[in-house]
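Scroll down for the structure; my scribbles are underneath it.
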Amino acid sequence: MLQLINERAEIVQEIGHLKEKQGTKRFDPVREREMLDKIVAHNHGPFDDNVVRHLFKEIFKASLELQEEDKNKQLLVSRKRHPEDTIVKVGDVEVGRKPVMIAGPCSVETEEQVDTVAKGLAEQGIKLIRGGAFKPRTSPYDFQGLGIEGLKILRKVADRYGLKVVSEIVNPADIEMATQYVDVIQLGARNMQNFELLKAAGQVKTPVLLKRGLAATIEEFLFAAEYIVSRGNNQVILVERGIRTYEKWTRNTLDILAVPILKQESHLPVLVDISHSAGRKDIAIPIAKAALAAGADGIMVEVHPDPAVALSDANQQLNLDQFNELMTALKGSQLL
Ligand code: PEP
Ligand code: MN
């Protein structure tokens, strides 16, 4: 019986490849019902028809899963396709080799604000500064960001301290322009399935930091990354930033399990955003430790000179003292 089931599986795989070439769907429910009806018509017991249907349905299902596995093997972002870790190069920073820290304000507000943070980061030996210039805000009445002006401030200040810039772009038409100012294009959670934006980011050489969608499954996240990589840009960093659940004591629920799963399934570097996941700052140290212990390639955190007056995400941004405490804790635990 076992041999026959495996022989059948081999045939199923061959048919799967043919269907793939023809562009036909693998699963044909009408044909499956016909087959089950035929099988049951030959059933003389003692198993009753429902049991027979169930048994054969399981064999069909396992075969279909085999075809799906083959399909996933083909994903460019999959580790099955590319076993070695992808190292994303941002200047002389190599994301994916040893843990990195990306820090900076939620939004770029003024040159002075960015300068204060940049100086603090440089003093800690940090090379990557983040800051939002195009802000995807829930309410249209909230601060929308400084736009290109914000990118220019980031570039100017970053160059002053020898830092690299990470900033979010929300419009496919702005991707090309953004490459003049930023070193890493961030695609935010709300745009994880903005396929035109993903395609546009796939067409440039600038590294892309892709955040997991608000309620995206790991599979959807990987397919979103595949959009970018399949267009020719393999410099993609994945960021787990929490997903929406019923829990209200945190802004989102950090899916720590996604970290080892993503590392196992994909060769792309994986970071954890400890600010947008928690939405609070009092637990920054333990969650950063947990993320790195789980195998994350780095941390993203929001830092503002005076979080209480920040124009966005005031509750979750660390001030520079708190950021220094976080760095001391991570270095002390030899996680960074
Ligand atoms: C951000 O990092 O600035 C941001 C808006 O985060 P997210 O897209 O994860 O909500
Ligand atoms: Mn923010």
Side-chain angles (χ1 to χ4, degrees), residues 95 100-109 113-114 117 128-140 142-147 150-151 153-154 164-171 174 178 182-194 197-198 201 207-216 218 220-221 224-225 228 236-245 250-256 258-259 262 270-281 284 287-288 291 296 298-319 322-323:
V95 184
V100 296
M101 175 64 80
I102 303 179
C106 178
S107 298
V108 174
E109 296 168 9
Q113 169 230 20
V114 178
V117 176
L128 303 169
I129 185 165
R130 60 146 288 147
F134 296 93
K135 295 304 298 177
R137 305 305 300 281
T138 301
S139 163
D142 285 341
F143 178 59
Q144 300 288 307
L146 300 180
L151 296 185
I153 292 176
L154 275 169
K164 298 291 171 194
V165 169
V166 181
S167 197
E168 178 166 357
I169 299 301
V170 295
N171 184 348
D174 285 342
V182 311
D183 302 294
V184 178
I185 296 168
Q186 177 170 326
L187 301 183
R190 288 154 194 81
N191 274 315
M192 190 205 81
Q193 283 189 319
N194 181 337
L197 189 58
L198 300 174
V208 176
L209 182 150
L210 176 67
K211 301 187 93 179
R212 183 176 180 182
L214 302 180
I218 292 173
E220 287 162 345
F221 192 17
I228 304 168
V236 178
I237 303 163
L238 303 172
V239 180
E240 164 58 42
R241 45 78 73 205
I243 46 176
R244 184 164 287 182
T245 69
T250 51
R251 182 174 175 184
N252 290 289
T253 296
L254 173 63
D255 183 7
I256 196 80
V259 175
L262 287 168
V270 177
L271 306 189
V272 169
D273 177 339
I274 61 166
S275 299
H276 293 90
S277 48
R280 50 196 277 179
K281 50 185 149 187
I287 50 178
I299 300 293
M300 178 180 249
V301 62
E302 288 186 334
V303 180
H304 190 287
D306 189 358
V309 297
L311 297 179
S312 57
D313 288 349
N315 292 335
Q316 70 195 31
Q317 303 201 61
L318 305 183
N319 64 29
Q322 290 159 338
F323 177 68

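Predicted model only: the values in this text are computed from it and were never measured. Order of appearance sets the numbers: ligands from 1, and atoms from 1 within every ligand.
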Margin query: For the backbone of Cys106 and the side chain of Arg130, can you confirm whether one donor and one acceptor N or O come within less than 3.5 Å of each other?
Written below: yes
Item checked: Of all N/O/S atoms in Asp313, the name of the one nearest the Mn ion (ligand 2) -> OD2
Protein N/O near ligand 1 N/O, under 3.5 Å, which pairs?
unit_1   : atom_1 : unit_2 : atom_2 : d
ligand 1 : 2 (O)  : Arg130 : NH1    : 2.7
ligand 1 : 2 (O)  : Gln186 : NE2    : 2.9
ligand 1 : 2 (O)  : Lys211 : NZ     : 2.7
ligand 1 : 3 (O)  : Arg130 : NH1    : 3.4
ligand 1 : 3 (O)  : Arg130 : NH2    : 2.8
ligand 1 : 3 (O)  : Lys135 : NZ     : 3.2
ligand 1 : 6 (O)  : Lys211 : NZ     : 2.9
ligand 1 : 8 (O)  : Ala189 : N      : 2.8
ligand 1 : 9 (O)  : Lys211 : NZ     : 2.9
ligand 1 : 9 (O)  : Arg241 : NE     : 2.6
ligand 1 : 10 (O) : Arg190 : NH1    : 2.8
ligand 1 : 10 (O) : Arg241 : NH2    : 2.8

Margin query: Between Glu240 and Asp255 (side chain of the first, backbone of the second, donor and acceptor by atom type, cut-off under 3.5 Å), is there such a pair?
Written below: yes
Next item on the list: Check for a donor-acceptor pair, side chain of Asn191 on one end and backbone N or O of Asn194 on the other, with a separation under 3.5 Å.
Entry: no
Next item on the list: Can you spot which of Ser275, Pro307, Ser277 makes a side chain to side chain contact (heavy atoms under 4.5 Å, CB included) with Gln316?
Entry: Ser275
Next item on the list: Indicate whether the side chain of His304 and that of Asp313 have a donor and an acceptor atom separated by less than 3.5 Å.
Entry: no
Next item on the list: Give the name of the N/O/S atom in Glu302 that lies closest to the Mn ion (ligand 2).
Entry: OE2
Margin query: Whether the side chain of Asn315 engages the backbone of Arg280 through a donor-acceptor N/O pair (distance < 3.5 Å, no angle test) should be reported.
Written below: no
Next item on the list: Please name the atom of His276, restricted to N, O or S, that is closest to the Mn ion (ligand 2).
Entry: NE2
Next item on the list: Examine distances only and state if a side-chain atom of Gln113 and a backbone atom of Ser107 form a donor-acceptor pair shorter than 3.5 Å.
Entry: yes
